[in-house]
Amino acid sequence: MKDYAVDLDHLQFTPLGLARKGFSGRIERIAVGDGPSSLPADEIERRLIELGFVEGAEVRVVHEGLFGRDPIAVRVNGATVALRRREAMAILAF
Amino acid sequence: MNDMIQASAARVALVGVPNCGKTALFNAMTGSRQKVGNYAGVTVERKVGPAETPAGRRIDVVDLPGTYSLRARSPDEEVTRDVTMGRRKGEPAPDLIIAVADATNMRSALRLVLELKRVGRPVVLALNMIDIARWRGIEIDTSVLEKALGLPVVAATAVRKAGMEALWARLDALLEAGLPVPVANSWAEPGARELREMQREADRLVAAVVRQPPKPDTVTSRIDSVLLHPVAGLVFLLLILFVMFQAVFTWAQPLMNLISDGFDWLGHGVTAVLPAGLVQSFLVDGVIAGVGSVIVFLPQILILFLFILLLEDLGYMARAAFLMDKIMGGAGLHGRAFIPLLSSFACAIPGIMAARVIDSKRDRLTTILVAPLMTCSARIPVYTLIISAFIPARTVWGAFNLQGLVMFGLYAAGIASALGVSALAKFMFWRKDPTPPFMLDLPDYKMPRLKSVAIGLMTRARIFLKRAGTTIFSMMVVIWVLASFPMPPANATGPGIAYSFAAMIGRFLEPILAPIGFNWQISVALVPGMAAREVAVAALGTVYAIQGGDAQIGHVLASQWSLATALSLLVWYIFAPQCASTLAVIKRETGGAKWMWLTFGYMFVLAYACSFITYHAAVLLGAG
């Protein structure tokens with residue numbers, strides 16, 4: 001997880017990308033960092049919103065993959081969404 | 001007044017998020033039998049079908065690929081956007097949009113409805129799968145939703161006739177009153193802020209009109225605790241694939257024997273009735289031996305499809321993509337590529353088209369490039385013929401059929417080579433590109449519907465038999481002619497076929513293919529195999545039948561070929577440059593001939609090189 005840049009002021013929240021299976025909380029905000037991705041940050045943010053990741057939504061990490069515990073499956077308001085930890089870093093929950 | 005509106009049938013477009021049952025609704029409205037499944041991205045192109053309302057009004061229903069937004073992130077979503085807004089050339093904008101929502105999960109659907117309202121066309125919201133929602137104890141107040149959204153809302157169950165009545169009644173009432181005149185399109189691509197606002201509004205609506213049951217449904221999460229378990233889930237996935245290939249071999253055998261005996265009986269019957277000569281040879285050696293040798297594989301192909309259809313309907317496909325994401329990512333493939341690649345086990349053509357759901361261009365191209373390496377069902381006849389002729393049907397390690405194991409090995413080799421080629425492609429073309437994201441909705445499990453599975457199987461059987469009756473039959477006629485003429489001279493010593501055109505062609509190609517252990521009979525069979533792979537089997541059947549000897553093609557091969565030749569041909573077909581129609585689809589889907597030739601070229605080189613190695617290794621080990 002070293003290659004993810006985490007702003008210090010975000011640390012009071014848990015980025016879902018670091019959450020373990022069983023973590024459950026509420027989304028504080030979506031903050032897409034300048035990580036290595038083929039898509040602009042704004043596009044990632046829109047896709048996350050379209051899958052239901054908006055501020056205030058309840059989330060729970062329900063499954064983890066075998067290798068590097070990646071990807072993860074997240075329960076968000078009644079639906080289950082699979083995503084990689086790298087993109088999940090943008091979802092800050094508490 | 002209505003006569004004017006009815007002068008041309010009203011166009012009704014079905015728009016909704018992926019996997020909300022649009023195609024099921026389309027089938028219910030039009031009586032079509034389009035493919036449905038429980039995963040996002042079953043439908044990748046638009047389909048139009050005529051329908052008649054209960055009151056006798058004609059409408060044209062347009063089924064569209066699912067999308068979360070009209071932003072169009074991938075080629076399939078572009079289709080939806082363009083048709084919905086009337087931007088597609090030669091196609092009028094829809095007179096009415098039916099926004100389809102999964103009643104068990106309306107959050108994203110309602111956000112899409114808010115977007116659709118801006119397009120300016122009349123919208124009706126259909127809450128599909130209402131039966132499942134009610135069964136889970138979810139209650140939806142449609143009249144409040146109607147007022148809040150300002151558009152008609154109806155509950156529907158596409159898979160039951162009675163479940164369609166409310167929607168039909170509503171449509172008839174709307175058409176009777178005359179559809180509202182469209183207003184100007186005020187849709188603009190929403191930014192993150194607008195999307196957020198729309199999602200919040202959708203969430204407020206859900207909170208206001210949907211009453212969730214006190215105890216949520218836990219069947220899916222209980223099943224997933226095993227099937228998505230990091231270790232048990234992967235073991236289960238492998239187990240399913242393994243059982244699938246064992247079943248293809250063992251379950252099909254009795255039926256295959258029956259079909260094979262039937263064609264033998266037919267051949268003997270014709271031989272007994274007709275005098276020996278060209279007509280008898282044409283019917284027995286050309287038509288019956290050729291076409292029969294292919295039709296015999298129908299049971300195996302149907303068993304394979306049965307497994308794939310059940311997995312699709314259950315909702316397992318997206319789970320498989322989740323489990324395989326990391327493994328496939330290591331090879332430079334997207335997790336979503338798993339579904340197109342698994343479809344390619346049936347046939348590479350739908351697999352290549354299914355790759356449209358992958359939004360990243362490079363991931364889509366890589367998937368298309370390697371999809372033909374997945375063992376398609378047309379290769380089953382080739383594999384089965386050679387395996388049953390050369391591999392003993394022994395039981396090994398207590399429970400496994402050795403033939404089934406070899407079959408599994410051939411499939412595994414196809415998968416491994418697909419991963420290898422995509423890793424190489426990533427290294428060569430896209431080394432510096434960062435990996436695109438993987439986000440995928442995991443649908444709730446659903447009991448597969450007997451009817452849709454049966455329809456799926458019937459469709460496949462029909463396609464297969466139609467191919468056997470057209471492509472394969474006409475190929476067989478050509479091969480029989482080539483193998484029968486010119487007639488041998490009166491003083492000929494060997495079998496007549498040695499003097500035929502087929503032998504000339506085969507001998508011409510033989511020097512090229514001899515280094516990998518192929519004789520002239522195989523060489524000539526490979527040529528029509530380009531039209532459809534299973535024709536190679538039929539061609540071998542005809543060539544050896546005309547040559548004379550045992551009626552059972554398998555026995556002939558076992559007596560005429562060395563094990564090394566057989567293994568080499570098996571390996572050839574793992575990579576075999578694919579059929580002409582696959583190449584044509586690659587050209588169409590990638591928008592140019594470049595990727596088509598690249599695919600053809602790399603597969604030919606791989607096939608030749610690996611067969612060469614296999615043949616010579618086998619000869620060295622004493623199997624020559």
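By convention in this document, chain letters (A, B, ...) are assigned in the order of the sequence lines, proteins followed by strands, and residues within each chain are numbered from 1.
- Only the side chain of N105(B) comes within contact range of chain A, judged by heavy atoms closer than 4.5 Å.
- For chain A, the nearby part of P190(B) is the backbone; its heavy atoms alone come within less than 4.5 Å.
- Around the NZ atom of K361(B), the shell of radius 6.0 Å holds no more than 12 heavy atoms that belong to other residues, nucleotides or ligands.
- The neighbour count for F427(B) CZ, taken as heavy atoms of other residues, nucleotides or ligands under 6.0 Å away, does not exceed 12.
- Salt bridge annotation for R196(B)-E50(A): absent, with no cationic side-chain nitrogen under 4.0 angstrom from a carboxylate oxygen.
- Ranked by non-hydrogen atom pairs under 4.5 Å with chain B, the options V54(A), T80(A), V81(A) are led by T80(A).
- The CG atom of L323(B) lies 9.5 Å from the CG atom of L66(A); values are rounded to the nearest 0.5 Å.
- In this structure, the portions of I30(A) lying under 4.5 Å from any heavy atom of chain B include both its backbone and its side chain.
- Atom-to-atom distance recorded for R84(A):CZ and F322(B):CZ is 11.5 Å, nearest 0.5 angstrom.
- For R60(A), the CZ atom counts as loosely surrounded, since its 6.0 Å shell holds 12 or fewer non-hydrogen atoms of other residues, nucleotides or ligands.
- One distance of note links CG of L48(A) with CD of Q199(B); it measures 12.0 Å at 0.5 Å rounding.
- With chain B as the partner, the residue from E45(A), E64(A), R47(A) showing the most heavy-atom pairs under 4.5 Å is R47(A).
- With a 4.5 angstrom heavy-atom cutoff, R75(A) touches chain B only via side-chain atoms.
- Heavy atoms from other residues, nucleotides or ligands lying under 6.0 Å from CZ of R71(B) number more than 12.
- Here the side chains of R46(A) and E189(B) are in contact, with some heavy-atom distance below 4.5 Å.
- Within the 4.5 angstrom heavy-atom criterion, only side-chain atoms of D203(B), from C-beta onward, approach chain A.
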Handout entry: Audit row: F67(A), D325(B), side-chain contact (heavy atoms from CB on, under 4.5 Å) steps and yes/no
Key = CA-CA 10 Å; F67(A) 308 100; D325(B) 177 61; over 6 Å; no
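- Here R193(B) contributes atom CZ and D42(A) contributes atom CG; the two are 11.5 Å apart, rounded to the nearest 0.5 Å.
- Chosen from S108(B), S225(B), S69(B), the residue pairing most often with chain A at heavy-atom distances under 4.5 Å is S69(B).
- In this structure, no portion of R319(B) lies under 4.5 Å from any heavy atom of chain A.
- Going from atom CZ of F438(B) over to atom CG of L83(A) covers 8.5 Å, rounded to the nearest 0.5 Å.
- A distance of 8.0 Å separates CG of L442(B) from NE2 of H63(A), quoted to the nearest 0.5 Å.
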